[in-house]
Amino acid sequence: MSNIPAKVQRFLENHSLSALEFEPGSTPTAETAAQRIGVPVGQIAKSILFKGKDNSYRLVVAAGDKKINSGALKRATGAKHRMASAEETQEATGFLPGGVCPFGLEDSPVAILLDISLDEYDTIYPAAGTDSTGIPLSPDYLQQITGGVKVQVT
């Protein structure tokens with residue numbers, strides 16, 4: 001039985017995507033996901049929620065081997081940010097850290113920002129709402145189906 005949240009499963013089905021599923025807890029970081037899937041860490045699309053001084057939430061999706069630059073995030077959004085707490089992340093997205101993803105957020109107040117580092121790869125693997133999943137897709141398709149805005153924040 002799948003542990004993928006219903007809202008994510010519906011989103012994936014609506015966009016003809018299917019998840020790679022592993023043992024619960026086996027892919028909570030970009031490094032562990034890359035090892036489990038068998039790809040370079042950069043191909044893992046890590047999703048990190050930030051809260052701006054303007055009280056807006058922004059989900060930054062970036063290549064797993066990159067670090068988010070806070071100054072670049074401020075330049076891209078016009079607001080200073082901090083990483084959201086686990087509680088804020090779950091409240092805003094419905095996901096726990098380690099399983100945060102850009103899918104199923106249509107009804108949330110979260111803006112999706114896609115770092116250009118993702119474009120280095122033909123196939124990337126964001127999570128599917130759990131710490132044991134990966135969704136193979138192209139960066140362009142990710143942007144198309146999420147409405148994410150391309151930014152340079154790494």
Side-chain angles (χ1 to χ4, degrees), residues 4-5 7-8 10-12 14-15 17 19-20 27-154:
I4 296 173
K7 68 179 182 175
V8 175
R10 280 191 303 276
F11 186 93
L12 297 177
N14 289 339
H15 295 94
L17 292 169
L20 302 175
T27 64
T29 67
E31 292 78 12
T32 57
Q35 187 174 41
R36 189 68 179 91
I37 294 170
V39 297
V41 175
Q43 277 187 264
I44 304 303
K46 65 181 177 184
S47 300
I48 303 173
L49 188 68
F50 289 88
K51 185 172 185 179
K53 288 279 188 182
D54 59 359
N55 285 321
S56 294
Y57 285 107
R58 293 175 177 94
L59 183 68
V60 176
V61 185
D65 61 349
K66 305 291 186 205
K67 295 214 180 295
I68 308 304
N69 179 298
S70 59
L73 182 57
K74 182 178 179 182
R75 287 189 294 279
T77 63
K80 187 174 181 177
H81 287 75
R82 64 169 172 79
M83 194 178 304
S85 69
E87 294 79 17
E88 289 169 328
T89 299
Q90 186 169 18
E91 185 176 315
T93 67
F95 309 122
L96 292 170
V100 177
C101 71
F103 309 118
L105 297 177
E106 309 78 48
D107 298 326
S108 78
V110 177
I112 298 171
L113 304 178
L114 306 173
D115 186 70
I116 62 170
S117 62
L118 298 170
D119 293 334
E120 295 175 30
Y121 303 96
D122 293 331
T123 303
I124 55 173
Y125 298 86
T130 75
D131 60 3
S132 58
T133 53
I135 307 293
L137 77 164
S138 72
D140 287 342
Y141 194 50
L142 179 63
Q143 182 180 23
Q144 180 185 332
I145 64 176
T146 62
V149 175
K150 290 236 180 169
V151 294
Q152 184 172 3
V153 295
T154 57

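Heavy atoms only: backbone and side chains are in, while hydrogens, waters and symmetry mates are out.
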L59 vs L49 side-chain heavy atoms within contact, under 4.5 Å
yes

Are the side chains of L17 and I145 in contact, using a 4.5 Å heavy-atom criterion?
yes

Donor-acceptor pair, distance only, cut-off 3.5 Å: does the side chain of Q152 make one with the backbone of A72?
no

K150 and D140 ion-paired at < 4.0 Å
yes

Would you check if the side chain of Y121 reaches a backbone N or O of A45 as a donor-acceptor pair within less than 3.5 Å?
no

If you count heavy atoms of other groups shown closer than 6.0 angstrom to CD of E31, is the number above 12?
yes

On a heavy-atom basis, which atom in K53 and which in A79 lie closest, and how many Å separate them?
N-CB, 4.5 Å

Taking atom CD as the centre, does E91 end up with more than 12 heavy-atom neighbours from other residues, nucleotides or ligands that are less than 6.0 angstrom away?
no

Can you label the angle between the F103 ring and the F11 ring as parallel, tilted or perpendicular, going by 30° and 60°?
tilted

Rounded distance [0.5 Å steps], OG1 in T133 versus CG in L20:
8.5 Å

Whether the side chain of K46 engages the backbone of K66 through a donor-acceptor N/O pair (distance < 3.5 Å, no angle test) should be reported.
yes

Lys/Arg N to Asp/Glu carboxylate O, E88 vs R82, below 4.0 Å
yes

Decide side chain to side chain contact (heavy atoms under 4.5 Å, CB included) for D131 and L96; before the verdict, give the C-alpha distance in whole Å, the side-chain angles of both, and the deciding distance to 0.1 Å.
CA-CA 8 Å; D131 60 3; L96 292 170; over 6 Å; no

Would you find more than 12 non-hydrogen atoms of other residues, nucleotides or ligands less than 6.0 Å from K51 atom NZ?
yes

Does some side-chain heavy atom of F95 sit less than 4.5 Å from a side-chain heavy atom of V8?
yes

Side chain to side chain, T27 and I44, heavy atoms closer than 4.5 Å:
no

State whether the number of non-hydrogen atoms from other residues, nucleotides or ligands found under 6.0 Å of D122 atom CG is greater than 12.
no

Any side-chain heavy atom of I48 sitting closer than 4.5 Å to one from P97?
no

Check: S56 side chain, G52 main-chain N or O, donor-acceptor pair, under 3.5 Å
no

